[in-house]
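Labels below follow one simple rule: chain letters A, B, ... track the order of the sequence lines, proteins then strands, and each chain is numbered from 1.
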Amino acid sequence: MTMTRRELLTTIGVTAGTGAMYTAMASLGFAQESSYTGPVELTGDPGGARVLVLGAGLAGMTAAMELRAAGYEVQVLEYREKAGGRCWTLRGGDTYTELGGATQEVDFEEGNYFNPGPWRIPYNHHAILDYCRRLGVELQPFIQENHNAYLHRSDAFDGKPQRYREVASDFRGHVAELLAKATNGGALDEEVTEEDRALLLEALRDYGSLTEEYEYVMSEETSDFRGFERWPGGGRNAEGVPSQPMDLETLLDSRLWRWLPDAETVHHQQAIFQPVGGMDRIAQAFEREVGDLITYNAKVVTLHQDENGVTASYVDAQEPGEVTEVTADWCVCTIPFSILGQIQHNFSGTKAQAISTMYYAGGFKAGLEFKRRFWEEDEHIYGGITYTDLPISLISYPSNDYLSQGGGVLLGAYNWGANAYQFNAMQPEERTKWVVEYGSRIHPQYTEEFKTGVSVPWHKVPWVLGCYGIWEDRERDYEETARMGEGERIALAGEHLSYLPGWQEGAILSALDAIQQLHERATQ
Amino acid sequence: MNPIKTTILPFALLAAGMATAQENLPPVEVPEGEPVSEFRTFDPTEEEFENFRGAGNIPHEGGEAVYNAVCSGCHMPDGQGAVGAGEYPALADNELLAAPGYPIYMVVHGQAAMPPFGSLLDDQQIADVVNYVRSHFGNDFVEGEFGEAAPEDVAATRE
């Protein structure tokens with residue numbers, strides 16, 4: 001008898017403990033989704049060494065929390081009046097002033113919110129999930145893929161949005177039919193053995209809900225996937241009436257298939273989560289741990305290191321005047337390079353090059369509150385995402401408070417590139433006007449139900465000047481920039497020092513790597 | 001179907017005055033075979049039609065239009081720049097704009113936190129916007145010793 005992989009692992013777990021099991025799992029191809037292998041262990045006494053942490057986003061607060069626990073004396077400098085950085089949520093009563101001076105006053109109902117930055121956490125982002133676990137941040141499922149949401153292009157189906165399930169089912173069915181025809185027609189005889197051809201045909205029939213003759217047609221079976229003309233019910237007159245699939249040419253020409261794989265990348269596939277109440281619940285949880293270490297409204301203006309330590313100076317972010325100098329033995333700098341590049345520093349070589357050449361992506365998001373949850377009430381869309389070729393790119397429905405009375409907040413736009421630049425150049429009311437205008441082409445209820453909106457183009461965000469860092473030449477500069485060089489006392493961290501740009505997981509993993517390097521130096 | 005048509009079409013119809021924006025007005029007349037949704041929340045002005053014509057490029061023509069559609073987001077409508085944790089430099093009264101080579105390079109390749117716009121703007125657009133900032137906001141360099149930026153200068157900078 002051969003053991004299954006699971007049986008083998010259970011045996012190892014029982015006899016050798018979980019550590020051995022983890023190693024065994026890794027060698028068998030499990031558990032390699034992240035470099036996170038559990039809470040960081042910083043053993044050895046740093047002897048009260050002082051660490052200056054620059055930035056109180058997730059990277060900075062991770063570093064501060066773990067370094068204090070390891071025995072360091074920690075001080076954190078933060079530009080904003082609160083912690084979190086891009087881990088940020090806007091709620092009713094909040095105000096936000098962007099570069100250029102425009103202030104938006106958020107007028108959402110109690111309980112409604114909008115995450116201008118990160119908004120979801122995939123199952124394989126082990127580090128941030130573990131911090132949520134340790135810090136007691138409650139998570140709930142984020143609906144990424146909703147078969148009842150829409151796919152929309154202005155030039156397809158007369159601009160009428162199509163249900164995701166119809167496009168997905170029909171695309172799968174037609175592709176299965178074509179492949180079955182090709183297989184039966186002998187087109188694959190060179191590629192597939194006779195035995196496998198039979199298996200392939202069987203698989204295609206299952207996969208595409210094909211008939212005995214390998215055709216994708218209107219039927220109860222195909223309607224079980226794409227939806228019915230009249231849905232099955234109960235009581236009298238309850239029999240379902242199948243719906244007619246769209247033909248292959250229409251489907252291909254529509255180009256709606258381009259969004260089908262979006263929810264299937266490892267960063268978007270189920271299970272994927274959001275914190276209950278807004279992404280900044282994570283920031284708040286960290287802040288509860290390390291808030292006493294943070295100096296707020298501190299705008300760093302210089303940063304220097306030498307063989308003896310680190311010296312930084314800062315001014316008040318609102319009323320710059322008096323310069324305060326801070327010294328420490330070590331430093332974890334999480335300041336985005338868009339800003340670090342403008343601070344007087346003495347990095348050199350590759351690091352200086354990376355700092356001065358990293359540019360920041362533009363990204364734009366808008367949160368719209370409507371007087372009622374018409375997407376649920378009228379269209380039976382509970383969470384998930386509608387994709388469109390309009391400049392708003394997508395509409396995402398709240399993955400929480402389903403069926404509740406009162407208003408709800410949609411993500412009304414989330415775009416990049418040329419569209420984001422143009423939204424960035426607009427004032428808040430103008431942005432909202434366009435977002436509502438475009439969204440109304442998918443949901444006509446917008447016109448009647450719109451209540452208020454708030455939007456954030458990331459190039460106008462004062463504390464980061466962009467959305468996430470883009471390397472001029474990552475292959476050339478990354479490793480050396482992420483490594484504490486010989487004699488250096490500053491470790492760099494943040495999402496920009498990860499291969500998960502823009503993800504909170506990247507920020508935390510880079511912070512953990514930075515403090516491990518720092519700790520190794522400090523306890524040598 | 002031509003993908004380029006996707007976002008142009010509704011605006012083209014709007015431009016032709018076929019759409020209505022005010023509430024309670026009759027729905028848009030839809031020419032046969034021309035897809036457009038009938039809902040409108042406002043009437044974009046002629047200038048506004050220029051927005052968002054393509055996800056991968058900036059449709060605006062002329063230095064002022066390009067500046068207002070893109071550059072003004074960070075350098076601000078008055079060219080004064082903005083200051084946060086870091087800053088966007090002011091273009092107003094900026095001697096660095098005296099010769100066209102530097103601003104052309106900046107727009108094409110980006111620098112520091114500034115993204116490159118070489119793939120979003122064509123040679124003419126870049127030359128136009130460079131000349132615009134060199135002749136506005138207190139700058140008077142187009143008439144100066146270095147003269148105008150030409151599309152050919154932009155093309156050379158791309159290489």
Side-chain angles (χ1 to χ4, degrees), chain A residues 79 99-101 153-160 253-255 299-300 317 335-343 356-362 389-391 393 415 417-419 421-426 433-434 436-438 440-442 444 446-447 450 457 459-466 470, chain B residues 1-10 21 23 30 33-44 48 50-60 67-74 76-78 80-89 109-117 119-121:
Chain A
Y79 172 79
L99 291 177
R153 282 181 67 103
S154 315
D155 64 355
F157 299 99
D158 294 340
K160 187 172 175 289
D253 283 354
S254 78
R255 291 178 171 78
K299 173 175 169 170
V300 176
I335 297 174
F337 286 180
S338 48
I339 293 170
L340 185 57
Q342 302 187 32
I343 289 171
S356 67
T357 56
M358 181 175 286
Y359 70 93
Y360 274 64
D389 70 333
L390 293 170
S393 288
N415 58 32
N419 289 329
Y421 287 127
Q422 290 176 78
F423 275 108
N424 185 58
M426 292 177 173
K433 195 173 74 169
W434 280 102
V436 173
E437 155 67 17
Y438 283 120
S440 73
R441 301 182 193 191
I442 294 169
Y446 265 44
T447 323
F450 174 70
H459 271 129
K460 275 192 167 138
V461 175
W463 62 88
V464 54
L465 307 186
I470 298 174
Chain B
M1 294 189 194
N2 180 354
I4 291 170
K5 257 168 43 178
T6 54
T7 49
I8 295 179
L9 193 50
E23 281 181 37
V30 183
E34 299 284 59
V36 64
S37 150
E38 62 189 68
F39 301 99
R40 289 291 179 273
T41 52
F42 73 106
D43 241 342
E48 289 170 333
E50 292 298 324
N51 289 317
F52 308 124
R53 282 205 176 163
N57 61 67
I58 304 293
H60 303 69
Y67 184 84
N68 288 334
V70 183
C71 319
S72 70
C74 294
M76 299 296 147
D78 56 3
Q80 292 296 334
V83 179
E87 63 181 74
Y88 294 124
H109 297 292
Q111 186 186 311
M114 175 160 165
F117 287 89
S119 63
L120 292 181
L121 299 170

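Applying the side-chain contact (heavy atoms from CB on, under 4.5 Å) test to P115(B) and every residue at least two apart in sequence or in another chain returns Y359(A), Y421(A), H459(A), F117(B). Residues passing the ring-ring contact (aromatic ring centres under 6.0 Å, His included) test with Y88(B), sequence neighbours excluded: none.
Residue F423(A) touches chain B through both its backbone and its side chain, counting heavy-atom pairs closer than 4.5 Å. Using a 4.5 Å cut-off between heavy atoms, M114(B) contacts chain A through its backbone alone, with no side-chain atom that close.
The two residues A82(B) and G100(A) make their nearest non-hydrogen contact at CB-N, 4.3 Å. Nearest heavy-atom pair, G73(B) versus K460(A), reported as atom, atom and distance to 0.1 Å: O-CE, 3.1 Å. Summarising the geometry of Q342(A) relative to E87(B), their closest heavy-atom pair is OE1-N, 2.7 Å, with the distance given to 0.1 Å. In plain terms, the two heavy atoms of A69(B) and A425(A) that are nearest each other are O-CB, 3.3 Å. Nearest heavy-atom pair, V83(B) versus L99(A), reported as atom, atom and distance to 0.1 Å: O-CD2, 3.5 Å.
Under the 3.5 Å distance criterion, the side-chain polar atoms of K299(A) are matched with a main-chain donor or acceptor of G84(B).
Considering CG of N419(A) and CG of N57(B), their distance stands at 9.5 Å, rounded to 0.5 Å. Put simply, CE on M426(A) and CG on N68(B) are 11.0 Å apart, with the number rounded to the nearest 0.5 Å.
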